[in-house]
Amino acid sequence: MRKWTWKFHNGKKTGNGWVMIHASSYPDMQTENDAVARIIDTQPQPPMTASNRCPPIDPALPQDGHAALNSAAGMLAATYRFNLPRLERAVEGWNIPSCVFLDGRPRLQAVEIAMDGFFSDSKDWSVPYDRIRQLKQEFPHKAFVAFLEADYWEEYAWNARGNGYSDSVTREGWKLFRERLAKAEQVLRDAKPYASDNPLWYSMMVEVQGWEEDKRAMAATFFEGARKFRTYYPLYFTMANFLEPKWYGNWDAEAKLVDWSLKNTRKVDGESMYARLYWDVADDMAKDGGV
């Protein structure tokens with residue numbers, strides 16, 4: 001016999017404005033989502049081939065824009081908990097220029113978004129690190145494990161610093177922030193021989209090196225990666241973010257980046273990189289109340 005529990009959340013609407021009534025035998029949405037993920041992840045996967053490495057997106061899900069990225073990232077976040085080979089398959093399988101959302105952004109970007117949430121709510125940071133050490137034994141010299149470990153140290157660094165303005169950070173907070181970012185950078189350096197054939201390596205390294213006082217290492221990483229993966233837009237977006245005045249950059253440097261990036265991608269994307277980069281900069285400023 002199954003007991004049904006009915007709940008009504010006033011004002012909860014779907015994207016089209018309709019009130020949603022959701023009937024479920026689970027106590028809450030998270031428990032239901034976890035159960036569905038477990039069922040999905042027990043299904044056998046066929047061997048990866050050129051034809052199935054980037055499968056079509058379910059037509060019921062968003063196909064482009066932030067909604068598509070967040071939907072794919074949510075799927076991968078659940079995958080990390082229940083079935084790591086599926087996460088590895090996304091990291092490896094989606095690593096082709098043609099695996100994109102309808103707006104042209106690479107689906108691989110969803111992996112970065114998913115990882116950002118893997119550790120952000122950790123209370124005992126030894127627990128996820130024990131898991132990572134286990135993964136390094138189970139999946140030695142695998143790119144997706146290196147990415148997870150580097151992301152762990154970056155998230156742990158921000159846990160020490162906090163998200164406030166720089167003058168609110170304690171001396172100990174700055175010390176731990178720099179030490180943990182250095183560990184993230186070392187993880188990526190050690191993994192470069194087997195992980196840098198994936199643009200995630202360059203995007204993550206730029207993200208880590210961007211907080212160093214000397215920006216030359218970040219710039220060298222960016223140019224190497226952008227020449228190697230010309231249409232991996234998140235790499236350009238990350239670099240553009242660090243050149244904004246709020247991070248001690250300036251608009252002249254931003255303009256020079258846009259001009260260089262436009263030349264670097266023109267044969268593939270025409271003039272579209274100009275709009276993509278300034279759109280991303282405007283979007284980032286809007287989040288901070290800048291426009």
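All values derive from a computational prediction rather than experimental measurement.
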Colleague: Walk me through whether Phe101 and Ile57 qualify under side-chain contact (heavy atoms from CB on, under 4.5 Å).
Modeller: CA-CA 9 Å; Phe101 294 105; Ile57 300 172; 3.5 Å; yes

Colleague: Where is the tightest heavy-atom contact between Pro106 and Tyr233, given as atom of each residue plus distance?
Modeller: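 The pair with the smallest heavy-atom distance is CD-CD1, 3.8 Å.
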
Colleague: Kindly give the cluster partners of Leu176, where membership spreads through any ILVMFWY side chain lying under 4.5 Å from a current member.
Modeller: none

Colleague: For this output row, return yes or no: ring centroids of Trp201 and Phe147 closer than 6.0 angstrom.
Modeller: no

Colleague: Quick test of your reading of the model: are Asp252 and Lys256 salt-bridged, counting only N-O distances below 4.0 Å?
Modeller: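 Looking at Lys256 together with Asp252, the answer is yes, because their closest N to O distance falls below 4.0 Å.
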
Colleague: If you measure from the Lys or Arg side-chain nitrogens to the Asp or Glu carboxylate oxygens, is any gap between Arg189 and Glu185 under 4.0 Å?
Modeller: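 Counted as a salt bridge, because a side-chain N and a carboxylate O are separated by less than 4.0 Å.
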
Colleague: As an exercise, state the distance from CE of Met205 to CE of Met218, rounded to the nearest 0.5 Å.
Modeller: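 Answer for the CE-CE pair, Met205 versus Met218, is 13.0 Å.
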
Colleague: How many angstroms lie between CD in Glu149 and CD1 in Ile132, if you round to the nearest 0.5 Å?
Modeller: 6.0 Å

Colleague: Would you check if there is a donor-acceptor pair between the side chains of Tyr156 and Asp151 at a distance under 3.5 Å?
Modeller: no

Colleague: Looking at Lys215, I want to see if its NZ is surrounded by more than 12 non-hydrogen atoms of other residues, nucleotides or ligands under 6.0 Å.
Modeller: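 Yes, because the 6.0 Å sphere around NZ of Lys215 holds more than 12 heavy atoms from other groups.
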
Colleague: For Ala184 and Val208, which heavy atoms make the closest approach, and how far apart are they?
Modeller: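 The pair with the smallest heavy-atom distance is CB-CG2, 4.0 Å.
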
Colleague: Nearest 0.5 Å please: distance from the CD atom of Glu207 over to the CD atom of Glu154.
Modeller: 4.5 Å

Colleague: Taking it one step at a time, do Leu200 and Phe229 satisfy side-chain contact (heavy atoms from CB on, under 4.5 Å)?
Modeller: CA-CA 10 Å; Leu200 284 175; Phe229 301 100; over 6 Å; no

Colleague: Between Asp280 and Ala240, is there a donor-acceptor pair closer than 3.5 Å when you use the side chain of the first and the backbone of the second?
Modeller: no

Colleague: Using the test ring pair (Phe, Tyr, Trp, His ring centres under 6.0 Å), find all partners of Tyr129 that sit at least two apart in sequence or belong to another chain.
Modeller: Tyr152, Trp153

Colleague: In this structure, are over 12 heavy atoms from other groups packed under 6.0 Å from Phe139 atom CZ?
Modeller: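 Yes - once you tally the heavy atoms of other residues, nucleotides and ligands closer than 6.0 Å, there are more than 12.
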
Colleague: Indicate yes or no for a side-chain donor-acceptor contact from Lys228 to the backbone of Ser196 under 3.5 Å, with no hydrogens or angles considered.
Modeller: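 Between the backbone of Ser196 and the side chain of Lys228 there is a qualifying donor-acceptor contact (under 3.5 Å).
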
Colleague: In chain order, what residues pass the ring pair (Phe, Tyr, Trp, His ring centres under 6.0 Å) check against Phe222, with sequence neighbours excluded?
Modeller: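 Checked Phe222 against ring pair (Phe, Tyr, Trp, His ring centres under 6.0 Å); matches are Tyr236, Trp260.
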
Colleague: Show, in sequence, the C-alpha distance, side-chain angles and deciding distance for Asn250 and Leu243, and conclude whether the side-chain contact (heavy atoms from CB on, under 4.5 Å) test is met.
Modeller: CA-CA 6 Å; Asn250 58 75; Leu243 293 182; over 6 Å; no

Colleague: Would Lys192 and Glu224 count as a salt bridge (Lys or Arg N to Asp or Glu O under 4.0 Å) here? Give the steps.
Modeller: CA-CA 13 Å; Lys192 187 174 184 179; Glu224 180 182 327; 3.1 Å; yes

Colleague: Report yes or no: does Asp190 contribute a side-chain atom to a donor-acceptor pair with the main-chain N or O of Val187 at less than 3.5 Å?
Modeller: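 Looks like no, no N/O pair under 3.5 Å.
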
Colleague: Can you tell me if Asp284 uses its side chain to pair, donor with acceptor, with the backbone of Asn241 under 3.5 Å?
Modeller: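 Side chain of Asp284 to backbone of Asn241: no pair is present.
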
Colleague: Please name all residues satisfying salt bridge (Lys or Arg N to Asp or Glu O under 4.0 Å) with Asp167, sequence neighbours left out, ordered by chain then number.
Modeller: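 With sequence neighbours excluded, Asp167 shows a salt bridge (Lys or Arg N to Asp or Glu O under 4.0 Å) to no residue whatsoever.
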
Colleague: Counting N and O atoms only, with roles assigned by atom type, does the side chain of Asn264 sit under 3.5 Å from a partner on the main chain of Ala226, one being a donor and the other an acceptor?
Modeller: yes

Colleague: Name all residues meeting the side chain to side chain contact (heavy atoms under 4.5 Å, CB included) criterion together with Ala217; count only those two or more places apart in sequence or in a different chain, and write none if there are none.
Modeller: Gln209, Glu212

Colleague: List the residues meeting side chain to side chain donor-acceptor pair (under 3.5 Å) with Asp124, not counting sequence neighbours, and say none if there are none.
Modeller: Ser126

Colleague: Report the residues that fulfil salt bridge (Lys or Arg N to Asp or Glu O under 4.0 Å) with Asp103, sequence neighbours left out, ordered by chain and then residue number.
Modeller: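 Only Arg105 meet the salt bridge (Lys or Arg N to Asp or Glu O under 4.0 Å) criterion with Asp103.
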
Colleague: Any sub-3.5 Å donor-acceptor pair from Ser168's side-chain atoms to Tyr165's backbone N or O?
Modeller: yes

Colleague: Quick check: does any side chain N or O of Arg180 sit under 3.5 Å from a backbone N or O of Ala157, one acting as donor and the other as acceptor?
Modeller: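 Absent.
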
Colleague: Salt bridge or not between Glu179 and Lys175? Use side-chain N to carboxylate O under 4.0 Å.
Modeller: yes

Colleague: Are Thr170 and Arg161 close enough that some pair of their side-chain heavy atoms sits under 4.5 Å apart?
Modeller: no

Colleague: Any chance the side chains of Glu155 and Asn159 put a donor and an acceptor closer than 3.5 Å?
Modeller: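 Asn159 and Glu155 do not have a side-chain donor-acceptor pair below 3.5 Å.
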
Colleague: Is it true that Arg230 and Asp269 have a side-chain N and a carboxylate O under 4.0 angstrom from each other?
Modeller: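 Between Asp269 and Arg230 there is no salt bridge, as every charged N stays at least 4.0 Å from the carboxylate O atoms.
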
Colleague: Side-chain polar contacts of residues 68-77 - donor-acceptor pairs under 3.5 angstrom, sequence neighbours left out - could you list them?
Modeller:
residue	atom	partner	partner atom	Å
Asn70	ND2	His66	O	3.2

Colleague: Go through the structure and list residues passing side chain to side chain donor-acceptor pair (under 3.5 Å) with Arg133, not counting sequence neighbours.
Modeller: Asp130

Colleague: Taking only Lys NZ, Arg NE, NH1 and NH2, and the carboxylate oxygens of Asp or Glu, determine whether Lys263 and Glu271 approach each other closer than 4.0 Å.
Modeller: no

Colleague: Could you work out, with side chain to side chain donor-acceptor pair (under 3.5 Å) as the rule, every residue matching Glu88, not counting sequence neighbours?
Modeller: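 In terms of side chain to side chain donor-acceptor pair (under 3.5 Å), with neighbours along the sequence ignored, Glu88 is linked to Lys142.
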
Colleague: What verdict does the side-chain contact (heavy atoms from CB on, under 4.5 Å) test give for Arg276 and Ser261, after you've listed the backbone C-alpha separation in whole Å, the side-chain angles of each residue and the deciding distance to 0.1 Å?
Modeller: CA-CA 10 Å; Arg276 286 186 186 278; Ser261 302; over 6 Å; no

Colleague: If you round to the nearest 0.5 Å, how far is CD of Glu112 from CG of Leu235?
Modeller: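 Spacing of CG (Leu235) from CD (Glu112) equals 9.0 Å.
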
Colleague: Quick one: list whatever passes salt bridge (Lys or Arg N to Asp or Glu O under 4.0 Å) with Arg216, sequence neighbours left out.
Modeller: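 Arg216 satisfies salt bridge (Lys or Arg N to Asp or Glu O under 4.0 Å) with Asp214 only.
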
Colleague: If you round to the nearest 0.5 Å, how far is CE of Met239 from CG of Leu257?
Modeller: 6.0 Å

Colleague: Testing the basics here: between Ala195 and Ala143, what is the closest heavy-atom pair and its distance to 0.1 Å?
Modeller: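 Looking at all heavy atoms of both residues, the closest pair is CB-CB, 3.8 Å.
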
Colleague: Does any N or O in the side chain of Gln63 come within less than 3.5 Å of the main-chain N or O of Asp58, such that one atom is a donor and the other an acceptor?
Modeller: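 Here the side-chain-to-backbone pair exists.
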
Colleague: Please name all residues satisfying side chain to side chain donor-acceptor pair (under 3.5 Å) with Trp158, sequence neighbours left out, ordered by chain then number.
Modeller: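 For Trp158, no residue satisfies side chain to side chain donor-acceptor pair (under 3.5 Å) once neighbours in sequence are set aside.
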
Colleague: Quick one: closest heavy-atom pair of Arg107 and Cys54, and the distance?
Modeller: NH1-SG, 3.2 Å

Colleague: Do you know the tightest heavy-atom contact between Ala110 and Trp94?
Modeller: CB-CZ3, 4.4 Å

Colleague: Keeping Ser203 on the side-chain end and Pro199 on the backbone end, is there a donor-acceptor pair under 3.5 Å?
Modeller: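 Flag not set: sc Ser203 to bb Pro199 has no pair under 3.5 Å.
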
Colleague: Distance from Asn198 atom CG to Glu92 atom CD, nearest 0.5 Å?
Modeller: 6.5 Å

